[in-house]
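Only one structure is covered here, and it is reproduced in the block below.
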Amino acid sequence: RPSDYAGQTSHVRCIVASVRQTFQIARALAGAEDECVLVTLVRVDGSSYRRPGALMLVLPNRRAVGGITAGCLEEDIRQCAFEWTRTGACVKVFNTGSAADDALGWGSGCKGTLHVLLQRVPPEYSAFQKLTQVFIRRETAVCATVFETDTRLNLPLGIRFVFSEDVLHADVESAELKRALLLEARSIRRTIPQMVRYKTTDGDFSLFWERIQPAVQLCVFGAGEGVA
């Protein structure tokens with residue numbers, strides 16, 4: 001019955017859009033001639049057009065693929081992304097909306113605090129190479145991104161871990177950390193996306209967990225112009 005699916009429509013639409021955007025960015029990165037800046041929306045306080053996990057890629061010529069808002073931040077990020085990441089990955093916090101929006105009475109739909117991760121990535125970025133394989137095979141994967149990290153930990157800001165087919169793909173040296181991440185990925189995948197903070201004897205770190213799953217396929221059966 002249509003009423004059974006009414007509440008699921010927006011959720012399915014977001015999943016399809018997110019998968020399509022991630023695949024487009026992966027292809028754009030693979031075709032780039034030099035390193036790019038990958039922009040990830042990892043946390044929203046208040047309202048935002050895009051959900052955490054939204055991506056944007058800034059190419060060396062400053063052209064952008066994807067987006068993390070309805071357009072209120074993209075131009076500034078596109079112009080400044082390489083300068084902001086000159087010394088490494090960073091987190092920027094943006095406040096969207098204005099007094100002019102409040103005066104309208106109904107708001108602009110983009111009025112919140114956005115936490116954005118910016119990092120430089122090479123065309124052969126291993127996490128996206130793995131995600132591209134996941135897309136082609138129509139598999140479901142779990143991706144974890146380091147959003148906060150202690151300087152004492154050998155865990156760079158922005159590093160991504162991909163968990164698919166019960167295998168963890170991670171560029172980390174610690175076998176103990178890999179085992180811990182694998183166990184966490186198995187237990188957390190039903191309750192993502194979410195941000196989780198972890199405490200260790202060497203320092204604390206935060207991971208942004210998200211699910212990457214195949215887009216919904218639609219098969220139409222019949223004949224005639226109505227099917228076309």
As a quick check of understanding, evaluate side chain to side chain donor-acceptor pair (under 3.5 Å) for Gln79 and Glu75, giving each step before the final call. CA-CA 6 Å; Gln79 295 293 340; Glu75 181 61 22; 3.1 Å; yes

Passes side-chain contact (heavy atoms from CB on, under 4.5 Å), Ile77 versus Ile68? Steps please.
CA-CA 10 Å; Ile77 292 176; Ile68 61 169; 3.6 Å; yes

Check step by step if side-chain contact (heavy atoms from CB on, under 4.5 Å) holds for Arg186 and Asp166. CA-CA 8 Å; Arg186 288 169 177 166; Asp166 208 39; 2.9 Å; yes

Handout entry: Stepwise side chain to side chain donor-acceptor pair (under 3.5 Å) check, Tyr125 with Glu35
Key = CA-CA 9 Å; Tyr125 186 42; Glu35 65 179 5; over 6 Å; no

Practice prompt. Evaluate the criterion side-chain contact (heavy atoms from CB on, under 4.5 Å) for residue pair Leu207 and Arg160; output intermediate values, then yes/no.
Written response: CA-CA 9 Å; Leu207 293 180; Arg160 275 176 166 78; over 6 Å; no

Carefully, step by step, assess Phe128 and Val121 under the rule side-chain contact (heavy atoms from CB on, under 4.5 Å). CA-CA 10 Å; Phe128 271 20; Val121 291; over 6 Å; no

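Minimum heavy-atom separation, Thr22 to Phe135: CG2-CZ, 3.5 Å. Between Leu59 and Cys36 the shortest heavy-atom distance is CD2-SG, 3.6 Å. Between Val42 and Pro52, the shortest heavy-atom distance links the atoms O-CB, 3.9 Å. Counting all heavy atoms, side chain and backbone alike, Thr149 lies closest to Pro156 at CG2-C, 4.4 Å. Looking at every heavy atom in both residues, Phe163 comes nearest to Ala185 through CG-CB, 3.6 Å. Closest heavy-atom contact between Gly158 and Thr145: O-CG2, 3.9 Å.
Using a 4.5 Å heavy-atom cutoff, the side chains of Leu41 and Leu114 are in contact. Residues Thr96 and Leu73 have side chains in contact (heavy-atom distance under 4.5 Å, counting atoms from C-beta outward).
The backbone N or O of Asp202 sits less than 3.5 Å from a side-chain atom of Arg152, completing a donor-acceptor pair. Between the side chain of Glu74 and the backbone N or O of Thr69, at least one donor-acceptor pair lies under 3.5 Å. When atom types are taken as modelled, the side chain of Arg78 and the backbone of Arg62 share a donor-acceptor pair closer than 3.5 angstrom. Looking only at distances, no side-chain donor or acceptor of Thr85 sits under 3.5 Å from a matching main-chain atom of Gly88.
Leu182 and Val146 end up in the same hydrophobic cluster when Ile, Leu, Val, Met, Phe, Trp and Tyr side chains are linked at under 4.5 Å. One hydrophobic cluster, built from ILVMFWY side chains closer than 4.5 Å, cannot hold both Val167 and Phe161; they sit in different ones. In terms of hydrophobic clustering, with Ile, Leu, Val, Met, Phe, Trp and Tyr side chains grouped at heavy-atom distances under 4.5 Å, Leu57 and Phe23 are assigned to a common cluster. Both Val142 and Phe205 belong to a common hydrophobic cluster when Ile, Leu, Val, Met, Phe, Trp and Tyr are linked at side-chain heavy-atom distances under 4.5 angstrom. Residues Leu55 and Val134 do not share a hydrophobic cluster, defined by chaining ILVMFWY side chains whose heavy atoms lie under 4.5 Å apart.
Separating the CG atom in Leu131 from the NE2 atom in His169 is a distance of 9.5 Å, to the nearest 0.5 Å. Within the model, atoms CD of Gln133 and CD1 of Ile136 stand 7.5 Å from one another, a figure rounded to the nearest 0.5 Å. Distance check: Phe208 CZ to Leu117 CG gives 10.5 Å after rounding to the nearest 0.5 Å. In this structure, CE on Met56 lies 10.0 Å from CD on Gln21, to the nearest 0.5 angstrom. With values rounded to the nearest 0.5 angstrom, Arg120 atom CZ is found 9.0 Å from Asp34 atom CG. Rounded to the nearest 0.5 Å, atoms CG (Leu157) and CG (Leu118) are 10.0 Å apart.
Between Arg43 and Asp45 there is a salt bridge, since a side-chain N of the basic residue sits under 4.0 Å from a carboxylate O of the acidic one. Electrostatic pairing of Lys199 and Asp204 counts as a salt bridge here, judged by a charged N lying under 4.0 Å from a carboxylate O.
Phe147 pairs by the ring-ring contact (aromatic ring centres under 6.0 Å, His included) definition with nothing, not counting sequence neighbours.
Applying the 4.5 Å side-chain rule to ILVMFWY residues, one finds that Leu183 remains a lone member of its cluster.
Figure legend: cation-pi geometry between Arg86 and Phe82 absent, as NZ or CZ is not positioned both under 6.0 Å from the six-membered ring centre and within 45° of its axis.
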